[in-house]
Amino acid sequence: MSNQHTNSPKARSRAALLILDAINPFDFPGSEDIAEAAVAASAVIAGLRDHADALRMPTIYVNDNYGHWGSEKSQIVAEAIKGSETAAVIVGRLNPRPADYFVIKPQFSGFYATNLTALLDQLEVGRLVLTGYATDICVLFTAADAHMRAYDLWIPADAVASETGAHKQWALEIMTKSMDAA
């Protein structure tokens, strides 16, 4: 039996919802500046997740390990929810479910030193819906790496947040103009 493998993500029609750094304690310097926008974006992300479920699209959380190299999903969720009031709201709304995928990342990009590419290949995904925090850091770096790997990108402006509206707008413009993001 042959296992057919498509080399190019562009040749694949399946989409996946990526939720970047939503499981977050929001206790870092500047977290108060992103809090309101992050809570608002979490409501949109929850709606997108419901829509993805209806379309049978995989939902993949791609989350920082916050320097805890022995962490796994349940530990990251437990620590995040204790972090702040903002974290309690967002994690309460976006808590990963058993069928969701969870990739732990050590740096800004969801692709750097993770198994994300292998997972997307296995799921036959060619289009990514990027959501999460922060637009001008982790979303931007993940989008750049996805673009270099030939994934189609959609980044809903109301499903991402940054510490400032200007930073968010700047990053969205770069991803639209330089990475062909919709």
Side-chain angles (χ1 to χ4, degrees), residues 9 12-26 31-64 73-74 76-78 80-81 83-105 108-111 116 119-120 123-143 146-147 151-176 179-182:
R12 301 180 202 141
S13 60
R14 191 165 192 210
L17 173 65
L18 267 62
I19 302 174
L20 299 164
D21 291 327
I23 310 306
N24 187 321
F26 288 93
S31 61
E32 62 282 349
D33 297 327
I34 195 174
E36 186 177 336
V39 168
S42 73
V44 175
I45 296 167
L48 287 168
R49 187 176 71 172
D50 291 343
H51 191 66
D53 289 348
L55 295 173
R56 299 188 185 273
M57 282 173 46
T59 295
I60 305 168
Y61 287 78
V62 182
N63 222 89
D64 200 298
K73 177 174 71 171
S74 65
I76 292 171
V77 171
I81 207 159
S84 67
E85 207 172 296
T86 300
V89 170
I90 292 171
V91 175
R93 186 176 280 157
L94 296 176
N95 196 355
R97 300 144 324 162
D100 296 331
Y101 298 93
F102 198 89
V103 174
I104 298 172
K105 66 182 181 69
F108 306 124
S109 172
F111 288 93
L116 183 58
L119 175 61
L120 295 172
L123 296 172
E124 299 180 348
V125 168
R127 181 174 175 83
L128 302 176
V129 180
L130 297 184
T131 66
Y133 319 114
T135 317
D136 55 323
I137 305 169
C138 297
V139 175
L140 177 65
F141 281 77
T142 300
H147 177 69
Y151 289 95
D152 288 328
L153 298 172
W154 179 43
I155 304 151
D158 55 353
V160 293
S162 291
E163 289 181 25
T164 71
H167 288 170
K168 175 181 166 178
Q169 192 57 41
W170 167 82
L172 287 169
E173 287 175 13
I174 288 173
M175 291 182 283
T176 300
M179 299 170 206
D180 299 322

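Quick note: numbers below take in every heavy atom, side chains included, and nothing from hydrogens, waters or symmetry partners. Only a predicted model underlies this, so the values are computations on that prediction, with no experimental measurement involved.
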Quick one: list whatever passes side-chain hydrogen bond (donor to acceptor under 3.5 Å, both in side chains) with [X], sequence neighbours left out.
X: Y151; answer: none
X: K105; answer: D21
X: D53; answer: R97
X: S13; answer: none

Using the side chain to side chain contact (heavy atoms under 4.5 Å, CB included) criterion, which residues pair with P58? Sequence neighbours excluded.
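Listed in chain order: R14, A16, Y101, L123, V125.
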
Go through the structure and list residues passing side chain to side chain contact (heavy atoms under 4.5 Å, CB included) with T86, not counting sequence neighbours.
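Expected list: F26, A35, V39, S84, I90.
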
Which residues satisfy the ring-ring contact (aromatic ring centres under 6.0 Å, His included) test with F108, sequence neighbours excluded?
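Here the qualifying residues are F141.
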
At their closest point, which heavy atom of [X] faces which heavy atom of [Y], and how far apart are they?
X: A41; Y: A159; value: CB-C, 3.9 Å
X: A143; Y: I155; value: CB-CD1, 4.2 Å
X: D100; Y: K73; value: O-NZ, 4.5 Å
X: A46; Y: R93; value: CB-CG, 3.9 Å
X: K168; Y: V160; value: NZ-O, 3.4 Å

Starting at [atom1] of [X], measure out to [atom2] of [Y] and round the result to the nearest 0.5 Å.
X: N24; Y: N63; atom1: CG; atom2: CG; answer: 7.0 Å
X: M179; Y: L172; atom1: CE; atom2: CG; answer: 10.5 Å
X: I19; Y: L94; atom1: CD1; atom2: CG; answer: 5.5 Å

Run L120 and I60 through side chain to side chain contact (heavy atoms under 4.5 Å, CB included) and show every step you take.
CA-CA 9 Å; L120 295 172; I60 305 168; 3.7 Å; yes

For residues [X] and [Y], determine if any side-chain heavy atom of one lies less than 4.5 Å from a side-chain heavy atom of the other.
X: W154; Y: L48; answer: yes
X: I23; Y: P96; answer: yes
X: T164; Y: W170; answer: no

Over 12 foreign heavy atoms within 6.0 Å of CD, E36:
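No, the 6.0 Å shell around CD holds no more than 12 heavy atoms from other groups.
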
Taking only residues at least two apart or on different chains, which pairs with a member in residues 152-167 satisfy salt bridge (Lys or Arg N to Asp or Glu O under 4.0 Å)?
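Residue pairs with at least one partner in residues 152-167: K10-D152.
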
Show me the donor-acceptor pairs, under 3.5 Å and distance only, between side chains in residues 126-137 and residues at least two apart or in other chains.
{"residue": "T131", "atom": "OG1", "partner": "L18", "partner atom": "O", "Å": "2.8"}
{"residue": "Y133", "atom": "OH", "partner": "A38", "partner atom": "O", "Å": "2.8"}
{"residue": "T135", "atom": "OG1", "partner": "A161", "partner atom": "N", "Å": "3.2"}
{"residue": "T135", "atom": "OG1", "partner": "A161", "partner atom": "O", "Å": "3.2"}
{"residue": "T135", "atom": "OG1", "partner": "S162", "partner atom": "OG", "Å": "3.2"}
{"residue": "D136", "atom": "OD1", "partner": "S162", "partner atom": "OG", "Å": "2.9"}
{"residue": "D136", "atom": "OD2", "partner": "H167", "partner atom": "ND1", "Å": "3.4"}

Within the distance-only criterion (no hydrogens, no angle test), does the side chain of T59 pair as donor or acceptor with the backbone N or O of R49 below 3.5 angstrom?
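Not confirmed, T59 side chain does not pair with R49 backbone.
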
